[in-house]
Novice: 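Sharing a structure below in structure tokens format, with a few things to ask.
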Amino acid sequence: MADVTALTFLALCLPLVGALAAPFVIRIFGANGAWLLAIAPLLAFLHFLRFIPKIARGEVVTGGYSWVPSFHLSFSWFLDGLSLAFALLITGIGTLIVLYAGGYLKGHKDQGRFFSFIFLFMGAMLGVVVSDSFLMLFVFWELTSITSFLLIGFDHERTAARRAALQALVVTGGGGLCLLAGLLLLWNISGVTEMSRLMGTGDVVRESPFYLAALLLVLGGAFTKSAQFPFHFWLPNAMEAPTPVSAYLHSATMVKAGVYLLMRLNPVMGATTPWEILLPFFGGLTLVVGTALAIRQTDLKLKLAYTTVSSLGLLVMLIGFGSDHAVEAAALYLVAHSLFKGALFMVAGIIDHETGTRDITRLRGLMRAMPLTWMIALAAALSMAGLPPFFGFLAKEEIYTALVGGDVRALTFTAITVFGNALMFAVAFAVALKPFLGQPVETPKPPHEAPVLLWLGPAVLAVLGLLAAIFSTFTHTVLSSPIASAIRQTPVEIDISLTPHIGLPLALSALTVLLGIGVYWQLARARFLMAVFLHAAGRGPDHGFDLAISGLVRFAGRLMRVLQPGRLEIYVTCTFLCVAAILIVPLVVYGELPRRPPAWPADVRLHEWAVFLIAAFGLAAVLVARDRLTAIVSLGIQGFAVAIIFLLFGAPDLSFTQFMVETLSVVILALVMTRLRLSPADRRPLGRKLFDGALALACGLGFTLLLMRATQAPFNDALTAFFNAYSKSIAHGANVVNVIIVDFRGTDTLGEIAVVAVTGLAILALIRIRAGSERKLAANDPTAEG
């Protein structure tokens, strides 16, 4: 078990190793370095592949390391059929993406940086799907948002790329905060912090009065990450990223994180009315919106991106139905979509790379120049269209089996699914046929077949989509059934095959094909009608995002002008108002004012009276001082008088510290005042002086009342006894005060030193700014004084 834990930890770290090594490997080997870099995800894939027999038998694999046991925090992982399938998709498709990126970005000056980002993204997504700990799930969840921001904005010199990256970060990062709150609520409800233990608390969670709040927060995280309406707009805009990122993002990684979360939490939060209303509604709406917007597009990547939105909506809708067949359909479609969408995105990248354009209206007749690419595109499109003998056919048949029913709800969502699948059918063949058939047209670059690094990945995925369907019994045993079993938390056996089942599901498949052919035949008219409809509907959520960000910036600017007007006197006044309120208000509200005035000591000696008088004279000197420098020096009298009082009452260490601090403060402030040449006199109006005086008295009164109340409480010598007992034995110091400052309160002392250091640096900066201004003035006016 220890060996498995160590190897799993190593497999999770392999993407990080790849990220560190990528710049050096690419610098040495160039684009061929992709072959070496692909070893990292390949080894991780092979490691997770070893668990298939165990997971297929219905077992789970857990492991990890305790981090903070007292808070039940750990770095732990949990592998069942669902998480293992995702881990295999992430590492397996990730291996192909690394090879593909080597060819696609060949010669790019920042190829090493790109590989580092893609490996970090891979590691973050892998962490999401295998994490058992709530904490690690959230950390990796947010890391996917951060690394996708880096990838989408990879070409950071373009405004569109920067905007798309920021949009993805804001939307998914905001959803991540919702998820954090949802996980905290689940922790509060169930009392557990691990997914593996959460699976057994479904009844407790569903019966909790906080269930609905937790559900809405979790859906906020899942819907933003998986681009559900109305948060779908960020995903097509993310196509500003290089095509390897798009292929990886849409097939196996970030956009499916929300789907993974909903599948994972189905046994805990599913089978309730809110779950079965919200998920099908938003999933079905996203399916329709995504496919409709896909029809309008002419860019190959955008067409595929919008169909990803619709596919994610279909998955969410199926999860919300929650029946056995719906879960099986979701498991099948999850795998099928990963295979055909990854292949089609890479095909779109090949077309762009080899012809110089992705505009479907400018591409014709590529079949002669790129026959292998066309065969790959056709195979992937057949799976996306749900036609045999590909795995997409099995998924589509199971979807219709799950949705068929006699009630209004079933009929409604069946009609939505048929409509969405028909449009996806049309888009699939628009991508696979339109650019390749017909007479060749001139393109920005002469078309030719892609090198092996580009076609290897999509070819493997397309072939896997075929083999998975042909050998469906084996596929279900090792992959599909374990996924469905993990979602349901009960053993599920999927038996659908390429042999068609005569009945209503097959009739719905035939209807889907007929409608899809009709839309494909009239694709140009359908695109025009959709453009007219969208124009009439007005601006959508994408524009709303711009308005929201613009409004937020304006609000922040106005708030900053109120809170940060740039006047030090306002900041100081607000600070002391807060100090006075904090000191006085609790004493009054909670009835903690001193019960009696302090008794004046009867044994005050003459020299002690002299020190008090010196302090009083110093205070009077501060008040009557006519310039700031005199006030600063007079203020030092107060500090020295306090230091003498400490000395007289038996605290020589504290007295020495006070002497040093007061001396440095007076010297530094005097130097600053002389160098900055501020107004030498206090020119405040009378009203301002009265207000400041009242505020000073309030602060002084607050400290006085607090000290009086504290001294009237019974003395607790527990700390005194503790420090006396352990200063010598633990800290090896005879001076208790020094030991407290240096050892027991060492971090506090370090903070005080840091404050002094930062203050000194700030003063130095002010002096240099002043000196720089004087030099500029002298340069502009030679007659000015030096």
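Note that this is a predicted model, so its numbers are computed, not measured. Atoms considered below: every heavy atom in the structure, side chains included; atoms not considered: hydrogens, waters and symmetry mates.
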Novice: Out of curiosity, Asp542 CG to Gln167 CD, how far, rounded to the nearest 0.5 Å?
Specialist: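 The distance works out to 5.0 Å.
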Novice: Should the pair Arg163-Asp546 be classified as a salt bridge under the 4.0 Å nitrogen-to-oxygen rule?
Specialist: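 A salt bridge links Arg163 with Asp546.
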Novice: Are the aromatic ring centres of Tyr65 and Phe9 under 6.0 angstrom apart?
Specialist: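 Here the rings of Phe9 and Tyr65 have centres that are less than 6.0 Å from each other.
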Novice: Could you pull out all residues at least two apart from Tyr726 that satisfy side-chain contact (heavy atoms from CB on, under 4.5 Å)?
Specialist: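 So Tyr726 forms a side-chain contact (heavy atoms from CB on, under 4.5 Å) with Phe722, Ser729, Ile730, Phe744.
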Novice: Who pairs with Asp717 by side-chain contact (heavy atoms from CB on, under 4.5 Å), at least two apart in sequence or on another chain?
Specialist: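 Per chain and number, Asp717 pairs via side-chain contact (heavy atoms from CB on, under 4.5 Å) with Phe715, Thr720.
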Novice: If you round to the nearest 0.5 Å, how far is CG of Leu235 from CG of Leu249?
Specialist: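 Rounded to the nearest 0.5 Å, the CG-CG separation comes to 6.0 Å.
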Novice: To the nearest 0.5 Å, what is the distance between CG (Leu143) and CG (Leu126)?
Specialist: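 Going from the CG atom of Leu143 to the CG atom of Leu126 covers 12.5 Å.
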Novice: Just wondering, are more than 12 heavy atoms of other shown residues or ligands nearer than 6.0 Å to CZ in Phe703?
Specialist: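 No, CZ of Phe703 has 12 or fewer neighbouring heavy atoms, counting only those of other groups under 6.0 Å.
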Novice: Compare every heavy atom of Leu37 with every heavy atom of Gly18, then report the nearest pair and how far apart it is.
Specialist: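 For Gly18 and Leu37, the tightest heavy-atom pair comes out as O-CD2, 4.3 Å.
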Novice: For residues 693-711, which residue pairs pass the salt bridge (charged side-chain N to carboxylate O under 4.0 Å, His left out) check, not counting sequence neighbours?
Specialist: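 Qualifying pairs, neighbours excluded: Glu592-Arg709.
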Novice: Name the orientation class of the two ring planes belonging to Phe233 and Phe545 (parallel below 30°, tilted from 30 to 60°, perpendicular beyond 60°).
Specialist: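 Ring orientation of Phe233 relative to Phe545: tilted.
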Novice: Assert yes or no for the condition that the ring centre distance of Phe115 to His108 is strictly below 6.0 Å.
Specialist: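 Here the rings of His108 and Phe115 have centres that are no less than 6.0 Å from each other.
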Novice: Classify the ring geometry between Trp609 and Phe612 as parallel (under 30°), tilted (30 to 60°) or perpendicular (over 60°).
Specialist: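 Aromatic pair Trp609/Phe612 classed perpendicular.
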Novice: Does Asp692 come within less than 4.0 Å of Lys689, counting only side-chain N to carboxylate O?
Specialist: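 Salt bridge: no.
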